[in-house]
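Quick caveat: nothing in here was measured; it's all calculated off a predicted structure. Each chain gets a letter, A, B and so on, in the order its sequence line appears, and its residues count up from 1.
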Protein chains: 2
Amino acid sequence: MDEQSGTDRRPPSRRIADDLRASIRSGELASGAKLPSERELAGRYGTARNTAREAISILQGEGLVVAQHGRGVFVRPRTPLMRLGANRYSRQLRSETGLSPFRIEVTKQGRTPKTECRSVTRDKPPADVADRLGLDASTATVIRRENWYYADDEPVQVGVTYIPVDVAGESPLASERTLGKGSIYARFEDLGYRITRIREEISARMPYHEESTGLSMPPGVPVIEVLHTSIDEQHRAFEVTRFVMRGDLNGLDYEMPVED
Amino acid sequence: MDEQSGTDRRPPSRRIADDLRASIRSGELASGAKLPSERELAGRYGTARNTAREAISILQGEGLVVAQHGRGVFVRPRTPLMRLGANRYSRQLRSETGLSPFRIEVTKQGRTPKTECRSVTRDKPPADVADRLGLDASTATVIRRENWYYADDEPVQVGVTYIPVDVAGESPLASERTLGKGSIYARFEDLGYRITRIREEISARMPYHEESTGLSMPPGVPVIEVLHTSIDEQHRAFEVTRFVMRGDLNGLDYEMPVED
DNA sequence: CAGTGGTCTAGACCACGGA
DNA sequence: CCGTGGTCTAGACCACTGA
């Protein structure tokens, strides 16, 4: 009754990883369950501990398990994603609830939202941002606002907003960390920029080292990067925000018309 | 002139990884450049080879480098992303060019596109798909069409389309692998379903084991998953497609109105 | 062929968590 | 305190690449 019938060409580390993966998929190792310890696996398969460890590291890279120092290795529980939609920018939603869609989503999950503007500075825009704003990257200056988004004090997103100085002027957008009622898009409206269209460019990648520590991300979890551009009635791009979101906690949900 | 002034609490593997990462960022190790060999690094830092190897595996997990057996470890070149937009579904684009947006994007990059319908079967819908189609997951039957998308014979995307049997009927959608001129949405129009709105739910995750082999993905690269729903004038969801795309080759680009 | 990464061994010590 | 993962060593052999 040996599963591998003598001709298993997989190296032992793969075999252990495959077995564990199968157990996770079948539900035998349920979400949150503890895997056998490295030493236990090594003994069971007759390998060195490092070999069992290598197997676990494969599963870590696939985002299937998380190791906790001193406790063990656990099947990574799949938390439901927050679903951020284009309605993030809806004026109606803004005025109805007085809450940002982020806060609504977090609250819906029974967690406590928090947002924090960490800095407001003047800076040169990154090349891609300058391009979206129609600015010259080498000469232009923008206001840079860095916002952090939390659920239960756990950071889940960062958003860096770039506003041309010509747009922000001496308004609160250019200097204040807190922007008052109706949040940032109300302030743009004060200045005569009313959002009518948005462009969102989405990509996925592994986090930079700073991001994975800043967002305290477990290994094997990618980020979603969204480069957002706000456009007004006169087709002016008046603001660009780069969102970086933990991929295990966030998702996007767009519904839109198909333009002929 | 020692950089670490005696009090470097980082383990050697981290230190090697940090140094290499810095070299990559600074451009000292350019895109595509070869890293020092594992043995070379071990010698240079006075560690065992495994320790240098561990450092490289950290960078692999971050998607910064790729190892090639027998050749060396290289800085992963960042290929430009394909930018898939909502105009994928535009009738105008379809009729103007006769090409699918996928083919246009790949051609734009100087590569050769290929698409292939691998199978057409009848199946039970997955729960999330059934939900989007307004079907009962346990009783309903759908047509399942599996499509693979290639650039220069390299697979870059998979799309699995689900169509309720009531919609597909006995049309080519229900059985033919090739759908003829104007592609799939033209066939839906033949049946009276004209796409007017779409919903796209986007997430990012590490590939399943089958996906990473099927799409021959290097380690440290996530996938983008898009659950797409097509909606017609009468608000009927008539088709759902789940796209799984290599995150290092694909991006999404939406422009849409903000609905009040 | 020499040089590279891929895998493995059998130990060792440390740091953390929980009883 | 013990059991866990985190890190490291100093070897070894294999498989692949390219001259």
*Looking at residues 40-62 of chain B, who's got a heavy atom less than 4.0 Å off DNA chain C?*
B:R49, B:N50, B:R53
*Would you name the heavy atoms of A:E210 and A:T213 that are closest together and state the gap between them?*
O-OG1, 3.0 Å
*Quick one: closest heavy-atom pair of B:N250 and B:M82, and the distance?*
ND2-CE, 2.8 Å
*May I ask you to decide if A:T112's main-chain N or O and A:D152's side chain share a donor-acceptor pair within less than 3.5 Å?*
yes
_Backbone N/O of A:E38 and side chain of A:R53: donor-acceptor pair under 3.5 Å_ = no
*Would you please test B:W148 and B:L215 for side chain to side chain contact (heavy atoms under 4.5 Å, CB included) and show each step?*
CA-CA 10 Å; B:W148 287 67; B:L215 293 169; 4.1 Å; yes
Separation of [X] atom [atom1] from [N] atom [atom2], in whole Å?
X	N	atom1	atom2	value
A:R39	C:dG11	CZ	P	14 Å
B:F74	C:dT4	CZ	P	11 Å
B:R10	C:dA15	CZ	C1'	19 Å
A:L35	D:dT4	CG	C1'	13 Å
B:R71	C:dG5	CZ	C1'	12 Å
A:I16	C:dT9	CD1	C1'	13 Å
A:E38	D:dC2	CD	C1'	16 Å

_Does any part of the side chain of A:R132, heavy atoms only, come nearer than 4.5 Å to the side chain of A:P126, both counted from C-beta?_
no
*A:R14 (side chain) and C:dG6 (base): donor-acceptor pair under 3.5 Å*: no
_Distance test, side-chain N/O of B:S37 to OP1/OP2 of C:dT4, below 4.0 Å_ = yes
*asked:* Starting the side chain at C-beta, find the nucleotide from D:dT7, C:dC8, D:dG18 nearest to B:P11.
replied: D:dT7
*Less than 4.0 Å between a side-chain N and a carboxylate O, is that true for A:R15 and A:D18?*
no
*So, do B:H69 and D:dA15 meet the stacking rule of ring centres under 5.5 Å and planes under 30°?*
yes
